[in-house]
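Heads up, the thing below is written out as structure tokens.
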Amino acid sequence: MTNFPTQDKNEKCQKVKIFTTPTAFTLPKLFKAYLSCRQRKRKTINALKFELDWESKLFRLQKELQNHTYQLGRSICFVVTYPKVREIFAADFRDRIVHHLLVNKIEPYFERRFIYDSFACRKEKGCHAALSRLKKFIYQVTKNKSQNAFYGQFDIKSFFSSIDKNILLTLIEKEIKKSLPVYSQKELLWLAKKIVFHDPTQNYYLKGKKELFNQIPAHKTLFKTPKNKGLPIGNLTSQFFANVYLNELDQFVKRELKVKYYLRYADDMTLLSDDLKQLKKWRRKISRFLKENLGLELHPNKDKYGSVWQGINFVGYIIKPDYVLSRKRVVGNLKTKLHYFNQGLLLVSSNQKQEALPLSRPPTKEEIKQMAAMVNSYFGHFRWANCYNLRQNLYEKHFGELKKYLSS
């Protein structure tokens with residue numbers, strides 16, 4: 001009979017410790033970035049291709065990031081004409097995952113530095129939060145609507161194409177070194193630099209009509225910006241980097257100028273005061289700060305001043321002390337789409353433009369569903385304004401054939 005060795009009851013089991021090098025590019029974080037990236041892009045061709053073998057592709061992507069061999073791929077370049085002509089560079093789906101990975105990792109640290117009254121591309125912010133905040137400011141500056149007050153609105157000229165990449169990277173580096181764990185600083189700085197200095201004009205696929213590019217002003221296209229200037233419109237990182245860049249302006253306005261009633265949505269800023277001369281004085285100081293510290297300038301022809309009782313055009317609404325209205329352009333767009341639908345036409349949305357296409361058959365369930373979703377989106381917008389009569393008028397006089405399909 002064979003005697004097997006047994007462990008003494010008093011013998012303590014030794015735990016084996018496995019030491020691994022900490023990394024900012026773990027698989028769980030990469031998988032989380034993949035899930036957030038595909039939320040609104042899952043039906044796109046590139047997202048579907050990636051999903052066919054997403055496990056091995058994520059493993060490969062993680063290895064490239066850890067080895068610092070990752071290279072950004074080809075972007076899709078196209079032009080949108082609504083609400084104005086703009087050049088868009090859409091990153092490949094694989095690169096979008098990396099964008100989400102970087103933003104997910106560093107955004108919480110920057111969020112602590114951002115002021116409360118910056119509203120674009122931030123969680124629990126957006127245009128409706130900005131609208132509510134401006135209404136509150138108007139109420140306060142007019143002393144409960146008992147006196148007059150003024151507003152000033154300023155716009156940064158060619159903002160995205162004017163961003164200085166060296167200044168931007170310095171701001172990112174400063175916060176990363178200050179707030180993040182030492183083990184991840186080098187990796188995140190490497191990736192941030194990779195994305196910031198990536199030039200999409202060197203590797204892109206052109207989509208849409210080429211003649212549309214001729215409509216873009218020279219100072220608004222990345223194809224004509226100086227070296228190390230400009231960020232592509234269309235990427236998550238560009239939206240986040242814009243807030244990082246303009247946080248310097250926000251801090252200056254709040255800490256140095258001591259402006260109490262100040263809001264910023266992207267590169268549009270609105271200031272309130274009971275003194276019109278004070279607004280113009282702030283404008284001059286803001287202009288000087290932008291030029292000297294961020295290499296930016298205010299648009300010389302887009303300044304707006306006026307009494308708050310005249311109404312402030314902001315985030316798609318006209319805001320007055322007593323009530324809020326939707327902009328005429330928003331209402332007109334909905335009426336146009338309803339008209340096309342009722343005339344047997346469908347409004348087809350593309351990356352280049354919106355056009356009416358003849359429909360020689362009844363709309364499909366999917367087309368009706370899309371139309372209903374579009375109408376609900378507009379009515380969601382109207383819900384934040386005092387426009388009950390407008391909604392009634394639209395339903396009674398402009399829904400037309402759509403009523404029949406929605407009720408069936």
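All values below come from the heavy atoms of this structure, side chains included, with hydrogens, waters and symmetry mates left out.
A pairwise comparison of heavy atoms in Val259 and Tyr262 identifies CG1-CB, 3.8 Å as the closest pair. Across all non-hydrogen atoms, the minimal contact from Phe150 to Leu276 is CD1-N, 3.8 Å. Residues Arg122 and Asn243 approach most closely at CG-ND2, 3.7 Å, considering heavy atoms. Nearest heavy atoms, Lys165 versus Gly230: CE-O, 2.9 Å. Shown here for Pro363 and Phe341, the closest heavy-atom pair between the two residues is CG-CZ, 3.9 Å. In terms of heavy-atom proximity, Ser273 sits nearest to Trp282 at CB-CZ3, 3.9 Å.
The closest side-chain heavy-atom distance from Ser162 to Lys157 is not below 4.5 Å. Looking at Leu394 and Phe382, their side chains come closer than 4.5 Å, going by heavy atoms from C-beta outward. Contact of the Ile216 side chain with the Phe213 side chain is registered, since non-hydrogen atoms from C-beta on lie closer than 4.5 Å. Put simply, the side chain of Ile286 reaches to within 4.5 Å of the side chain of Met269, judged on heavy atoms. With a 4.5 Å cut-off on side-chain heavy atoms, Leu212 and Val85 do not count as touching. Counting heavy atoms from C-beta on, the side chains of Phe137 and Asp117 come closer than 4.5 Å. In this structure the side chain of Ile195 never reaches within 4.5 angstrom of the side chain of Asn235, judged on heavy atoms. Residues Phe240 and Phe110 form a side-chain contact, since some pair of their non-hydrogen atoms from C-beta on lies under 4.5 Å apart.
Annotation: cation-pi geometry not satisfied between Lys220 and Phe160 (NZ/CZ under 6.0 angstrom from ring centroid, within 45° of ring axis).
The closest donor-acceptor contact from the side chain of Asn104 to the backbone of Lys29 lies at 3.5 Å or more, if one exists at all. With Lys135 contributing its side chain and Pro321 its backbone, the two residues share no donor-acceptor pair below 3.5 Å. Looking only at distances, no side-chain donor or acceptor of Asn393 sits under 3.5 Å from a matching main-chain atom of Asn389. Within the 3.5 Å criterion, the main-chain N or O of Gly332 finds a donor-acceptor partner in the side chain of Thr336. At least one donor-acceptor pair under 3.5 Å links the side chain of Ser238 to the backbone N or O of Pro232. Checking side-chain atoms of Ser75 against main-chain N and O of Cys77 turns up no donor-acceptor pair under 3.5 Å. Between the side chain of Lys186 and the backbone N or O of Tyr183, no donor-acceptor pair lies under 3.5 Å. Between the Glu187 side chain and the Ala24 main chain, a donor and an acceptor come within less than 3.5 Å of each other. Of the possible donor and acceptor atoms, none in the side chain of Ser179 sits under 3.5 Å from a partner among the backbone N and O of Ile176.
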Please determine whether side chain to side chain contact (heavy atoms under 4.5 Å, CB included) holds for the pair Gln71 and Lys194, giving the CA-CA distance in whole Å, both sets of side-chain angles, and the decisive distance to 0.1 Å. CA-CA 8 Å; Gln71 299 293 333; Lys194 195 88 174 172; 3.1 Å; yes

Go through it in stages, so that I can follow the logic: the residues are Phe314 and Tyr151, the test is ring-ring contact (aromatic ring centres under 6.0 Å, His included), and I'd like the CA-CA distance, side-chain angles, deciding distance and then a yes or no. CA-CA 11 Å; Phe314 186 62; Tyr151 71 89; over 10 Å; no

Is there a side chain to side chain contact (heavy atoms under 4.5 Å, CB included) between Tyr139 and Asn144? Walk through the geometry before answering. CA-CA 5 Å; Tyr139 190 78; Asn144 301 344; 3.0 Å; yes

Output, in order, the C-alpha distance, side-chain angles, deciding distance and verdict of ring-ring contact (aromatic ring centres under 6.0 Å, His included) for Phe154 and Tyr305. CA-CA 9 Å; Phe154 317 122; Tyr305 297 97; 5.8 Å; yes

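Under the side chain to side chain donor-acceptor pair (under 3.5 Å) criterion, Thr26 pairs with no residue at all, not counting sequence neighbours. Considering only residues two or more places apart in sequence or on other chains, Ser307 meets the side chain to side chain donor-acceptor pair (under 3.5 Å) condition with Asn148. In this structure, the side chain to side chain donor-acceptor pair (under 3.5 Å) partners of Thr270, at least two apart in sequence or on a different chain, are Gln153. The side chain to side chain donor-acceptor pair (under 3.5 Å) search around Ser118 returns Arg264, not counting sequence neighbours.
Applying the 6.0 Å contact sphere to CZ of Phe197 captures more than 12 heavy atoms from other residues, nucleotides or ligands. When the shell of 6.0 Å around OH of Tyr205 is examined, it contains 12 or fewer heavy atoms from other residues, nucleotides or ligands. Around atom CZ of Arg112, more than 12 heavy atoms belonging to other residues, nucleotides or ligands sit under 6.0 Å away. Dense packing is recorded around NZ of Lys125, with more than 12 heavy atoms of other residues, nucleotides or ligands lying under 6.0 Å away. Taking a 6.0 Å sphere around CG of Leu52, one finds it holds more than 12 heavy atoms contributed by other residues, nucleotides or ligands.
To the nearest 0.5 Å, atom CG of residue Asn228 and atom CG of residue Leu168 are 11.5 Å apart. Of the inter-residue distances, the one linking Leu101 atom CG with Leu188 atom CG reads 8.0 Å to the nearest 0.5 angstrom. Distance CD1/Ile156 to CG/Leu294: 8.0 Å, rounded to 0.5 Å. Atoms CE and CG, on Met374 and Asn333 in that order, are 10.0 Å from each other to the nearest 0.5 Å. Annotation: the span from Leu48 atom CG to Trp54 atom CH2 amounts to 15.0 Å, rounded to 0.5 Å. Between Ser184 atom OG and Leu189 atom CG the span is 9.0 Å, to the nearest 0.5 Å.
Between His381 and His128, the angle of the ring planes lies from 30° to 60°, which puts this pair in the tilted group. Using cut-offs of 30° and 60° for the angle between ring planes, the Tyr34 and Phe93 rings count as perpendicular. Taking the six-membered ring for Trp and thresholds of 30 and 60 degrees, Phe119 and Tyr116 have ring planes more than 60 degrees apart, a perpendicular arrangement. Aromatic ring orientation, Phe399 versus Phe379: perpendicular (interplanar angle above 60°, classes split at 30° and 60°). Using a 30° and 60° split on the angle between ring planes, Phe25 and Trp190 fall in the perpendicular class, above 60°.
Applying side-chain contact (heavy atoms from CB on, under 4.5 Å) to Leu296 and the options Ile167, Leu290, Asp267 leaves one that passes, Leu290.
For the residue pair Gln251 / Asn247, a side-chain donor-acceptor distance below 3.5 Å is found, with atom types taken as modelled. With 3.5 Å as the limit, one finds no donor-acceptor pair spanning the side chains of Asp164 and Tyr245.
A salt bridge (charged side-chain N to carboxylate O under 4.0 Å, His left out) check over residues 83-106, counting only residues at least two apart or in different chains, returns the pairs Glu64-Arg94. Residue pairs meeting the salt bridge (charged side-chain N to carboxylate O under 4.0 Å, His left out) criterion with at least one member in residues 276-296, sequence neighbours excluded, are Arg283-Asp303.
Looking at Glu401 and Lys404, a side-chain N of the basic residue comes within less than 4.0 Å of a carboxylate O on the acidic one, giving a salt bridge.
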